[in-house]
Amino acid sequence: MPELPEVETTLRGVSPSMAGRTVTDIVVRNAALRWPVPGEVRRAVGRAVGDCRRRAKYLLFGIGGADGGLLVHLGMSGSLRVCPADAPPRKHDHVDIVLDDGNCIRFHDPRRFGVFDWYEDPADAHPLLNHLGPEPLSTAFTGTYLKTVSAGRRGAVKNFIMDGKVVVGVGNIYASEALFMAGIHPNRPAGRVSAERYDALCQAIRDVLARAIRRGGTTLRDFLDPGNNPGYFAQELLAYEREGLPCFRCETPIRRKVIGQRSSYYCPSCQR
DNA sequence: AGTGCGGCCTGTCCGC
DNA sequence: TGCGGACAGGCCGCAC
């Protein structure tokens, strides 16, 4: 389940194979992703890949001279890998970006919650991107910002930090982790978290995401990077999927509770 | 405006 | 052993 660290890991994995290469074909085997893959993606054919970057959990592959590029979201079960273009596709290998060196970037997504689309410059004007909040690892993301935006909000702080309009890239795993690190109960109303504790939460979010990126992401079940390597952050998780196990801080059993339709893990003693 | 929830998907796991 | 159902979850879009 790719969250920001897994998407960043994917970007770092595919970028060296893509940048500067010319796209010779886009092969769409199954266009029925979250939204139909549009024919416009073929605008990349015959052009070179330029700037490769990430915005939130979206991968943006700029295409030289096309005033736009390819937008990819891995959804819940998507992955990209680099492989020979003539390698036989596996089940759920829906799209290939074929490159002029004989390799391709292959998009695989069993659950098809992913997105493969074309964007026009500037990418941030794309309907999927134009409402997004700040990047958690940018200087715009601060405790003061969280405190300001949360004013009057009565929903759970966990849902608040998972809201892409507030801050992007904080998914279910890292939300639980950051709230544990900051000692904040996931169910606490967002508007009732103090400025000091939002400073701590901001720091925890930055810290957990940065460490997870360094470990190549979190492999819980099936995440593999483009070179087929798992991420090594799972062994550093403090709360997520530790229901019933002792809290590392106070040994109280970690509890699981569904908040906003998602499993949340927290220490009922340390997190208030 | 903020909040909550349905829906999209398939692989995996659990209980009968 | 087989089978149905719950569950996993990012994020849009809708209803209140």
Side-chain angles (χ1 to χ4, degrees), chain A residues 1-11 29-38 54-60 71-80 89-95 107-117 119 124 126-133 135-136 146-179 186-193 205 209 212 217-224 231 234 237 239-244 256-265:
Chain A
M1 46 198 82
E3 295 193 26
L4 189 145
E6 293 73 45
V7 178
E8 182 67 29
T9 298
T10 297
L11 175 70
R29 291 186 202 82
N30 184 354
L33 301 183
R34 177 169 189 143
W35 292 286
V37 179
R54 175 189 62 73
R55 168 69 173 123
K57 295 177 194 168
Y58 295 91
L59 294 161
L60 303 170
L71 176 152
V72 177
H73 193 289
L74 302 177
M76 153 70 197
S77 58
S79 62
L80 294 179
R90 300 166 299 165
K91 195 178 180 183
H92 308 306
D93 281 344
H94 305 310
V95 185
F107 178 74
H108 176 88
D109 186 9
R111 267 158 272 190
R112 290 192 274 127
F113 280 17
V115 178
F116 199 103
D117 199 1
Y119 69 84
D124 286 339
H126 190 284
L128 291 170
L129 307 184
N130 63 12
H131 61 282
L132 295 177
E135 288 288 329
L146 284 176
K147 182 65 186 166
T148 303
V149 178
S150 64
R153 292 186 64 152
R154 284 178 288 189
V157 63
K158 175 160 181 274
N159 295 341
F160 174 70
I161 59 171
M162 289 177 67
D163 181 346
K165 292 188 278 302
V166 173
V167 59
V168 301
V170 183
N172 201 41
I173 297 173
Y174 300 110
S176 276
E177 291 300 295
L179 288 164
N187 235 356
R188 173 171 282 273
R192 298 210 178 165
V193 175
I205 289 171
L209 293 177
T218 300
T219 298
L220 279 179
R221 288 166 191 87
D222 48 16
F223 173 73
L224 296 177
L237 293 174
Y240 194 77
E241 286 200 334
R242 294 198 67 246
E243 181 179 19
R256 183 180 85 96
K257 182 181 164 75
V258 174
I259 298 173
Q261 299 163 286
R262 277 164 193 85
S263 289
S264 307
Y265 297 84

Practice item. Describe, in one word, how the ring planes of A/Y240 and A/Y265 are oriented to each other, choosing from parallel (under 30°), tilted (30 to 60°) and perpendicular (over 60°). Key: perpendicular

Review point. So, A/E135 and A/R55, do they make that salt bridge, N to O below 4.0 Å?
Key: yes

Exercise for review: Describe the nucleic acid contact of A/R112 in one word from base, sugar-phosphate, nothing, applying a heavy-atom distance below 4.0 Å.
Suggested key: sugar-phosphate

Revision key, fill the gap. Nearest heavy-atom approach of A/P136 to A/I205 is CB-CG2, 4.0 Å

Review point. Does a side-chain N or O from A/S263 land closer than 4.0 Å to OP1 or OP2 of C/dA8, or not?
Key: yes

**Study point:** Qualifying residue for side chain to side chain contact (heavy atoms under 4.5 Å, CB included) with A/R54, from A/L4, A/L60, A/V72
**Key:** A/L4

Exercise for review: Please test A/L80 against A/L59 for side chain to side chain contact (heavy atoms under 4.5 Å, CB included), starting from the C-alpha separation and ending with a verdict.
Suggested key: CA-CA 10 Å; A/L80 294 179; A/L59 294 161; 3.7 Å; yes

Point to revise | 5' precedence on DNA chain B between A/K91 and A/R34 (nearest-nucleotide basis) | key: A/R34

Practice item. Select one nucleotide: of C/dA8, C/dC11, C/dG10, the one nearest the side-chain heavy atoms of A/R111. Key: C/dA8

Check your understanding: Given A/M76 and A/D109, is the side chain to side chain contact (heavy atoms under 4.5 Å, CB included) satisfied, shown in steps?
Key -> CA-CA 8 Å; A/M76 153 70 197; A/D109 186 9; over 6 Å; no

Practice item. Between A/F113 and A/K165, just flag the one whose closest nucleotide in DNA chain C comes earlier from the 5' side. Key: A/F113

**Study point:** Interatomic distance, A/M162 CE vs C/dA8 P [rounded to whole Å]
**Key:** 12 Å

Study note, to complete from the structure: Separation of C/dA8 atom P from A/E241 atom CD, nearest Å, is 9 Å

Revision key, fill the gap. To the nearest angstrom, the OH-P distance between A/Y58 and C/dG10 comes to 12 Å

Practice item. Select from A/R262 and A/P110 the residue whose nearest nucleotide in DNA chain B is closer to the 5' end of that strand. Key: A/R262

Review point. Which part of the nucleic acid, if any, lies within contact of A/L128, taking any heavy atom under 4.0 Å across all strands shown: a base, the sugar-phosphate backbone alone, or nothing?
Key: sugar-phosphate

Review point. Are any of the side-chain heavy atoms of A/H94 and A/F116 separated by less than 4.5 Å?
Key: no

Exercise for review: Taking only the side-chain nitrogens and oxygens of A/H73, find out if one of them lies under 4.0 Å from OP1 or OP2 of C/dG10.
Suggested key: no

Practice item. Give me the first and last nucleotide of DNA chain B, going 5' to 3', that has any atom under 4.0 Å from a heavy atom of chain A. Key: B/dT3 to B/dG11

Review point. Taking the side chain as C-beta and beyond, is there a heavy-atom pair between A/P186 and A/K257 under 4.5 Å?
Key: no

Practice item. Begin from the C-alpha positions of A/D117 and A/H126 and carry the test side chain to side chain contact (heavy atoms under 4.5 Å, CB included) through to its verdict. Key: CA-CA 10 Å; A/D117 199 1; A/H126 190 284; 3.1 Å; yes

Every protein N/O lying under 3.5 Å from an N/O of nucleotides 14-16 of chain C:
none

Revision key, fill the gap. Whole-Å distance, A/I259 CD1 to C/dA8 P, equals 13 Å

Exercise for review: Quickly work out the A/K57 NZ to C/dC11 C1' distance and round it to whole Å.
Suggested key: 9 Å

Check your understanding: Rounded to whole angstrom units, what separation is found between the OH atom of A/Y240 and the P atom of C/dA8?
Key -> 8 Å

**Study point:** Side-chain heavy atoms of A/V166 within contact of A/R153, under 4.5 Å
**Key:** yes

**Study point:** Spacing between A/N130 atom CG and C/dC12 atom C1', to the nearest angstrom
**Key:** 13 Å

Study note, to complete from the structure: Between CG of A/D117 and P of C/dC12 the distance, given in whole Å, is 13 Å

Point to revise | Degree of bending, the helix from B/dG2-C/dC16 to B/dC16-C/dG2 (end axes from five pairs; round to 10°) | key: 60°

Practice item. Flag the pair A/L128 / A/H73 as yes when at least one side-chain heavy-atom distance between them is below 4.5 Å, and no otherwise. Key: no

Check your understanding: Just wondering, are more than 12 heavy atoms of other shown residues or ligands nearer than 6.0 Å to CZ in A/R192?
Key -> no

**Study point:** Per A/E3 side chain, nearest of listed nucleotides C/dG10, C/dA8, C/dC11
**Key:** C/dG10

